[in-house]
Undergrad: 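Sending over a structure as structure tokens; questions will come in a sec.
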Amino acid sequence: MDGRDGMRAADADREAVADRLRVALGEGRLDLHEYDERLQRAYAARTYAELDALLTDLPPVTPSQRSALAPLTPPAAGELAGAVGGQPAPVAPGGVTARWLAEVWLPYLKVIAIVVTIWAVTSLLSQDLLYFWPAWVAGPWGAVLAVSTITGLAGGEPRRQVIERERRRAKRDRRGELPAAEPDERDDPRPAG
């Protein structure tokens, strides 16, 4: 493995492959099981060769404006945000980790803000600086969060959550594409006869 194939891939490269696999799933080129397998391999890939192997049997992405296969449909309002030239906005490499950190730490910060505000208001109302009891809430909880953050980052928890979200999204998308069930004669409001 010489050249580019042996080079190590970055998070942004893995995200680009995951996006391409999602498009292939939406186009019907991959079934849900194969998509799930390839997505897991994409996030576990270390080199460009491992990533390229996941896309070798898929055609390159053609913008919908130039595709002869896909009908031209206007994008939904939510798709316009962050899109450039019809392509989705690229995901920042640190975006996955930042989102995971926010999910872990924001509840803690909100609760600490509330208890410190309660302490400050009661200190003001009593006109005396009261014992700083919020430390008993912030300290132990913060220590547990710090340990779980370090172990989560070391164990790849942000990437694992992205894989799980993609799996759920693909399953939800597939459920929405299933044809409606044939009407049963019990569903017919007309009386039999």
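In what follows, residues are counted from 1 in the order of the sequence shown.
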Undergrad: Checking W119 side chain against Y131 main chain: does a donor-acceptor pair fall under 3.5 Å?
TA: yes
Undergrad: Are Q40 and Y35 linked by a side-chain donor-acceptor pair shorter than 3.5 Å?
TA: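 No.
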Undergrad: Is the shortest distance from a Lys or Arg side-chain nitrogen in E166 or R172 to a carboxylate oxygen in the other one below 4.0 Å?
TA: no
Undergrad: Quick check on the hydrophobic clustering: are V115 and V144 connected, directly or via other members, by side-chain heavy-atom contacts under 4.5 Å?
TA: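 No: no chain of side-chain contacts under 4.5 Å links V115 to V144.
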Undergrad: Going hydrophobic residue to hydrophobic residue with side-chain gaps under 4.5 angstrom, can you get from L129 over to W133?
TA: yes
Undergrad: CG of L39 to CG of L30: how many Å apart, nearest 0.5 Å?
TA: 10.5 Å
Undergrad: Using a strict 4.0 Å threshold on nitrogen-to-oxygen distance, state whether R4 and D52 make a salt bridge.
TA: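 Yes, this pair counts.
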Undergrad: T122 vs L130, test: side-chain contact (heavy atoms from CB on, under 4.5 Å). Steps then yes/no.
TA: CA-CA 8 Å; T122 54; L130 299 176; 3.7 Å; yes
Undergrad: Do other residues, nucleotides or ligands put more than 12 heavy atoms under 6.0 Å from W141 CH2?
TA: yes
Undergrad: Going through the distances and angles, do V23 and R29 end up as a side-chain contact (heavy atoms from CB on, under 4.5 Å)?
TA: CA-CA 9 Å; V23 169; R29 297 182 195 280; over 6 Å; no
Undergrad: Treating Ile, Leu, Val, Met, Phe, Trp and Tyr as nodes and any side-chain heavy-atom pair under 4.5 angstrom as an edge, say whether V162 and W105 lie in one connected cluster.
TA: no
Undergrad: Any salt bridge between R41 and E37, counting N to O under 4.0 Å?
TA: no
Undergrad: Testing the basics here: between A42 and V17, what is the closest heavy-atom pair and its distance to 0.1 Å?
TA: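 Looking at all heavy atoms of both residues, the shortest contact is CB-CG1, 4.0 Å.
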Undergrad: Keeping D31 on the side-chain end and H33 on the backbone end, is there a donor-acceptor pair under 3.5 Å?
TA: yes
Undergrad: Which atom names give the shortest non-hydrogen contact between V111 and V137, and what distance separates them?
TA: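 Closest pair (atom of V111, atom of V137, distance): CG1-CG1, 4.5 Å.
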Undergrad: Do W100 and T149 have side-chain atoms, one donor and one acceptor, less than 3.5 Å apart?
TA: no
Undergrad: For salt bridge (charged side-chain N to carboxylate O under 4.0 Å, His left out), just list the numbers for R165 and E103, CA-CA rounded to whole Å, side-chain angles, deciding distance to a tenth of an Å, and then say yes or no.
TA: CA-CA 14 Å; R165 271 194 205 102; E103 288 174 358; 2.5 Å; yes
Undergrad: Determine the minimum heavy-atom distance between L21 and L54, stating which atoms define it.
TA: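 Result for this residue pair: CD2-O, 4.1 Å.
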Undergrad: At their closest point, which heavy atom of V96 faces which heavy atom of P158, and how far apart are they?
TA: CG1-O, 3.6 Å
Undergrad: Whether the side chain of R168 engages the backbone of I163 through a donor-acceptor N/O pair (distance < 3.5 Å, no angle test) should be reported.
TA: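 Not at all, since once roles are kept as given, no pair shorter than 3.5 Å links the two residues.
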Undergrad: Please check if L51 and M7 belong to a single hydrophobic cluster, counting links between Ile, Leu, Val, Met, Phe, Trp and Tyr side chain heavy atoms closer than 4.5 Å.
TA: no
Undergrad: Is any side-chain heavy atom of F132 closer than 4.5 Å to one of P134?
TA: yes
Undergrad: Under 3.5 Å, side chain of R14 to main-chain N/O of A9, donor-acceptor pair present?
TA: yes
Undergrad: Looking only at heavy atoms, what is the nearest atom pair of Y48 and D13, with distance?
TA: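 So the minimum-distance heavy-atom pair works out to OH-OD2, 3.0 Å.
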Undergrad: Quick one: do R159 and D11 make a salt bridge, cutoff under 4.0 Å?
TA: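 Yes, this pair counts.
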Undergrad: Is it true that R46 and E50 make a salt bridge, defined as a side-chain N closer than 4.0 Å to a carboxylate O?
TA: no
Undergrad: Honestly curious: do V116 and L124 fall in one hydrophobic cluster under the side-chain, below-4.5 Å linking rule?
TA: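 In one cluster: no.
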Undergrad: Using 0.5 Å steps for rounding, measure from the OG1 atom of T97 to the CD atom of Q161.
TA: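 Atom-to-atom, T97:OG1 and Q161:CD are 10.5 Å apart.
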Undergrad: Please name the pair of heavy atoms, one in A18 and one in Y43, separated by the smallest distance, quoted to 0.1 Å.
TA: CB-OH, 3.5 Å
